[in-house]
Amino acid sequence: MKLFRTLLAATAVATTSLLGTGSAHAAAPGADFTGIAALSNCSASLVRYAESAATDKALVLTNGHCYEGGFLQPGQVLVNRTSTRSITLLRPDSSRAGTIRAERILYGTMTKTDMIVYQVNETYASIKSRLNVTPLTLAKQGPADGAGMAVVSGYWKRIYTCSVQATIPQLREGDWTWQNSIKYRQPGCETIGGTSGSPVVSTTTGEVIGVNNTGNEDGERCTVNNPCEVDAAGNVTVDQGAAYGQQTWWLYTCLTANRTLDLNKSGCELPKPARRR
């Protein structure tokens, strides 16, 4: 999982020449830091649903394993959990725009997918007025093979660009299992620690088509930081150097008309909290 680790800091410093520099003109989708955020240990993004209104409380997306309380257990699901996490928003040129504060975790898990959606304590309109930051829009479906994509890291202020290689039926890492993971075609998206939680942005539409979360670092089989791929027949493959993101469009399958999440909605793809006995 692509959390920041001290040993990777030197790698990031050595690659600062690759950082996005931004410009006064509108950049191509995924080519600047519009809507990008940084956490203390991960990357993140300010996001909206396609139907979101300017008066809605704003949302921030990152990985479930970036949770301020530590890794979530397999099967664990957070719903409407209070949070006061501070989140730094960036300008398109990657400079610091200012901070916002979470008020709750609307949804979080490391099961099936790996994401947390924070609700912050102000609206999209307020953030636009105060910080001049606009959100990215969540796509309503996952990416097709070959689709152009960018992993935009607010932690490192670095953009990785490549394309989608494939959708992997099952990805296993340590005790966790994710479904329909997005595998990146290399070279171009050799993500490092601290890129966890970065949005995977379509370079065609500018929409968020996934959330970056892991890669196989050492060639080990199904261990932490060394996920393995499992196909529909159960065959296991290890691809050292491969990097992956997880699906976010499943949020729409649980979304109500007033833009809240209902995990009991028919067709909802998100895991539910375990029932208490």
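Remember, predicted model here, so these are calculated numbers, not experimental data.
- Between Lys140 and Glu51 a salt bridge is recorded (basic side-chain N to carboxylate O distance below 4.0 Å).
- Between Trp176 and Phe71, the gap from one ring centroid to the other is short of 6.0 Å.
- Across Thr253 and Gly267, no two heavy atoms sit closer than the pair CB-O, 3.4 Å.
- Annotation for Tyr124 and Ala53: closest pair CD1-O, 3.4 Å, computed over non-hydrogen atoms.
- In this model, no donor atom of one side chain and acceptor atom of the other lie less than 3.5 Å apart for Gln247 and Thr113.
- The pair Asp239-Lys183 meets the salt-bridge criterion, with a side-chain N (NZ, NE, NH1 or NH2) lying under 4.0 Å from an Asp/Glu carboxylate O.
- Aromatic rings of Tyr184 and Tyr244 (six-membered ring for Trp) have centroids beyond the 6.0 Å cut-off, not under it.
- A cation-pi contact, defined as under 6.0 Å to the ring centre and within 45° of the axis, links Lys112 to Trp250.
- Pro74 approaches Asp175 most closely through the heavy-atom pair CG-O, 3.3 Å.
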(message) Between Val120 and Leu59, is the side-chain contact (heavy atoms from CB on, under 4.5 Å) condition met? List the steps.
(response) CA-CA 6 Å; Val120 304; Leu59 306 177; over 6 Å; no

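- The shortest side-chain heavy-atom distance between Tyr118 and Thr62 falls under the 4.5 Å cut-off.
- In this structure, the salt bridge (Lys or Arg N to Asp or Glu O under 4.0 Å) partners of Arg259, at least two apart in sequence or on a different chain, are Asp56.
- A pairwise comparison of heavy atoms in Pro199 and Leu136 identifies CG-CD1, 4.2 Å as the closest pair.
- In this structure, Glu122 pairs ionically with Arg130, as a charged nitrogen and a carboxylate oxygen lie closer than 4.0 Å.
- Remark: Arg81 does not engage Glu68 in a salt bridge, criterion side-chain N to carboxylate O under 4.0 Å.
- There is a side-chain donor-acceptor pair under 3.5 Å between Glu103 and Gln119.
- Taking the side-chain contact (heavy atoms from CB on, under 4.5 Å) definition, one finds that Asn132 meets it with Lys128, sequence neighbours left out.
- To the nearest 0.5 Å, the span separating CG on Asn226 from CG on Asn216 amounts to 4.5 Å.
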